[in-house]
Protein chains: 2
Amino acid sequence: MQPTIYDVAKQAGVSIATVSKVVNNKGRIGEQTKKKVIAIMKELNYQPNAFAAALTGKSTQTIGVIIPDLANPYFAELAKCLEDEAHKMGFSLMICSTDNNSEKEETYINLFIRKKVDGCILASTLSNPQLVTELAIQYMPVVLAGQAILEKDLPAVSVHDQQGGYIATTHLTALGHQRIAIIMEPKAFSSLERLKGYKKALKEAGLIYDENLVMTADATLTGGADAFRLFVDMEQPPTAIFACNDVLAIGVCQEAHRASIHIPDELSIIGFDNTILASVTSPPLTTVAQPLREMSRQMITTLLTSSNEKRGNQQFVFEPQLVNRQSTAKLN
Amino acid sequence: MQPTIYDVAKQAGVSIATVSKVVNNKGRIGEQTKKKVIAIMKELNYQPNAFAAALTGKSTQTIGVIIPDLANPYFAELAKCLEDEAHKMGFSLMICSTDNNSEKEETYINLFIRKKVDGCILASTLSNPQLVTELAIQYMPVVLAGQAILEKDLPAVSVHDQQGGYIATTHLTALGHQRIAIIMEPKAFSSLERLKGYKKALKEAGLIYDENLVMTADATLTGGADAFRLFVDMEQPPTAIFACNDVLAIGVCQEAHRASIHIPDELSIIGFDNTILASVTSPPLTTVAQPLREMSRQMITTLLTSSNEKRGNQQFVFEPQLVNRQSTAKLN
DNA sequence: TTGAAAGCGCTAACAG
DNA sequence: CTGTTAGCGCTTTCAA
């Protein structure tokens, strides 16, 4: 059995209160006793039971994170950044991947409540938005990641998705493309915003919005490939595609390659997120970058400060940036 | 404040013991009372406090996972698979990324102890192996991931790394390569094993082992690129490179491309892990696959059963498999 | 500077 | 079938 505070106290010949004080470095204790207690703790390999501590009101120093898919490099990178930032602040993460499965979402949220995490970061667009509000009101601070406007009254940090969609599409129109398709993710708030930017760019370029050119696909390689096939089978296929994330974009690249359609000469494609994938493909993927590191930092600090005091509702929006590589080219 | 079992009991006009029983579905309770209590729980949005429960001896249904780098697609995929399997068994994960930083490793291990996770999976080769033994003996079940033989007396699941290294190298020798380099990861047990397989394959092919051809680099794109540069600067550069993981392999591919060295015609390269990256590059990367899904399942079940009964020490070794794509070619 | 004791929310005998 | 009660390990007044 693991040693408890009682074991340490007994060994050291002091009371548990004293041990507690040295553990937490609180109150006044004599140098002598302090040293002795510390020695005993080492000897017994004592680790305070976080539960017992939490029960009496201490924080658990844990942050819950809900993301749709850890295997998507974008979210893996997000998770890593969050982990780094949290660790700097002395917090650890409970990372949960939901696969956009609403049952899992609910399970995990309840888990967070039961485990008394100090707050949570929601990077999935939950199927049940009411759950989020409830969570935030009744239980713990919440920050939304990448879904700025969904819940107007909740702290959120994201890129300016609309702007991102606009940048991407404008890049394509500037290259002379007229039939530009878009592939969105299902249920993702960010995709909706990016679509708005897409429309705006189209309009500015004097192009008309064609519903046939918008498709929805799961954020996987095969999702992108499937969407691609639907596009090429059209009577009038697009000459450029804006995929709402890199994985989708690369899915179409691969399928295009299989179909012997050359990128970017015959088809331009632009992604979003600037994940490691984008730098690695051939041709390297033109994409839109998010300042993940800064965003992560902001998420953590926002979460941690909003737990102290609700200082008005906070929405942080970061600027996306075009990363021009070689998967897009002038229409010829 | 969140409702406690007392609130529910009061509202329902019963004792806390009764509520506890319905929560845990234990003991005998009248249909009437049961219904009533359930209704009240819903109404109050009651979630039992996991800490209080854990304090009285109940399991936390949590598994700790330590991996070196979440941003490496291999580990991200591992984490995702583990998450899936754990979820099926009603467990959740506490994922920690250490960056091979020994201070972090220790912090996280202590965290696991304090948070009373039910067991942990170690996918990093910890700098302090004694810590692992201590953890396993004094505190909780441990399973080693990808480091089968490190601690002979600990449950472990991994691919047959030596075999993997052998397969990879043999593939190269069969293509006629005579100067074959290897890039290892620092501090990784698996790399050491793969090196053994490499040596064995060399020997079988009648080639001599040349220490100059073995290099160590961090598992990043730049790590791979750096190693590549050192190789090409040699008087007698290798004609093929076996990188101990895909990220490294792709790092060298990219740098080779920059140096206008054509792959596979001028240089063959083979990776390890068969991550999403391997399928996405151009040329697609020849690599060695691990059956991640099955391995993850084994890790979870091993961990969970070994917590019940120590039934002898368990080592599970899975077979690696060559995935022949287009980054390797006959020496000409 | 130290210790006694109450209480955090829950479970598990044990009584009724 | 239901309730009483004694802890689980720790923090925190409050006295000494």
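All heavy atoms count here, side chains included; hydrogens, waters and symmetry mates do not. Numbers restart at 1 for each chain; the letters A, B, ... are given by sequence-line order, proteins then strands.
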> Would you say a side-chain N or O of B:Ser20 is under 4.0 Å from OP1 or OP2 of C:dC10?
Replying inline: no
> Given D:dC10, D:dG3, C:dA4, which nucleotide is nearest the side-chain atoms of B:Thr18?
Replying inline: D:dG3
> Rounded to the Å, how far apart are A:Leu55 CG and D:dT12 P?
Replying inline: 13 Å
> Taking the side chain of B:Ser15 as heavy atoms from C-beta outward, which of C:dG9, D:dG3, D:dT11 is closest to it?
Replying inline: D:dG3
>> Let me spell it out: for each of A:Asn24 and B:Glu31, pick the nucleotide of DNA chain D with the closest heavy atom. Which residue's pick is nearer the 5' end?
In response: B:Glu31
> Does any non-hydrogen side-chain atom of B:Phe112 lie less than 4.5 Å from one of B:Leu135?
Replying inline: no
> Within the structure shown, what part of the strands sits under 4.0 Å from A:Gly30 by heavy-atom distance: base, sugar-phosphate, or nothing?
Replying inline: sugar-phosphate
> Could you give the NZ-to-P distance, from A:Lys10 to D:dG9, as a whole number of Å?
Replying inline: 12 Å
>> Do B:Leu78 and B:Met299 make a side-chain contact, defined as non-hydrogen atoms from C-beta onward lying under 4.5 Å apart?
In response: yes
Strictly under 3.5 Å: I want the nitrogen or oxygen pairs between protein and nucleotides 14-16 of chain C, one per line.
none

> Just how far, in rounded Å, is C1' of D:dC8 from CD of A:Gln2?
Replying inline: 13 Å
> Across the strands shown, which category fits A:Thr4 at heavy-atom distances under 4.0 angstrom: base, sugar-phosphate, nothing?
Replying inline: sugar-phosphate
>> Tell me the interatomic distance from B:Lys58, atom NZ, to D:dG9, atom C1', rounded to whole angstroms.
In response: 18 Å
> Just wondering, do A:Thr4 and A:Asn49 contact through their side chains at under 4.5 Å, heavy atoms?
Replying inline: no
> What nucleotide, of C:dA5, C:dG3, C:dC8, holds the atom closest to the side chain of A:Val14?
Replying inline: C:dG3
> Does the pair B:Ser59 and B:Asp118 meet the rule for a side chain to side chain donor-acceptor pair (under 3.5 Å), with working shown?
Replying inline: CA-CA 7 Å; B:Ser59 132; B:Asp118 296 316; 2.9 Å; yes
>> Quick test of your reading of the model: are B:Lys80 and B:Glu83 salt-bridged, counting only N-O distances below 4.0 Å?
In response: no
> Taking all non-hydrogen atoms of both residues, which atom of A:Val22 and which atom of A:Ile38 are closest, and how far apart?
Replying inline: CG2-CG1, 4.0 Å
>> Quick check against the 3.5 Å criterion: does A:Asp69 have a side-chain atom that pairs as donor or acceptor with the backbone of A:Asp99?
In response: no
>> Taking 4.0 Å as the cut-off, does a side-chain nitrogen or oxygen of A:Lys26 come that near to OP1 or OP2 on D:dT11?
In response: no
>> Rounded to whole Å, how long is the line connecting atom CZ of A:Arg28 with atom P of D:dA15?
In response: 20 Å
> Considering only heavy atoms, which members of residues 33-53 of chain B lie under 4.0 Å from some atom of DNA chain C?
Replying inline: B:Tyr46, B:Pro48, B:Asn49, B:Ala52, B:Ala53
> What are the two closest heavy atoms between B:Cys81 and B:Arg293, and how far apart are they?
Replying inline: CA-NH2, 3.8 Å
> Quick one: A:Ile16 CD1 to D:dT11 P, roughly how many Å, whole number?
Replying inline: 9 Å
> To the nearest Å, how far apart are A:Tyr6 OH and D:dC8 C1'?
Replying inline: 9 Å
>> Distance check needed: C:dG9 C1' versus A:Lys116 NZ, whole Å only.
In response: 9 Å
> What nucleotide among D:dT12, C:dT11, C:dA12 has an atom nearest to a side-chain atom of B:Ala17?
Replying inline: C:dA12
>> Please determine whether side chain to side chain donor-acceptor pair (under 3.5 Å) holds for the pair A:Tyr139 and B:Gln47, giving the CA-CA distance in whole Å, both sets of side-chain angles, and the decisive distance to 0.1 Å.
In response: CA-CA 10 Å; A:Tyr139 296 102; B:Gln47 293 289 350; 5.9 Å; no
> Which word best sums up how the rings of B:Phe51 and A:Phe51 line up, parallel for under 30°, tilted for 30 to 60°, or perpendicular for over 60°?
Replying inline: parallel
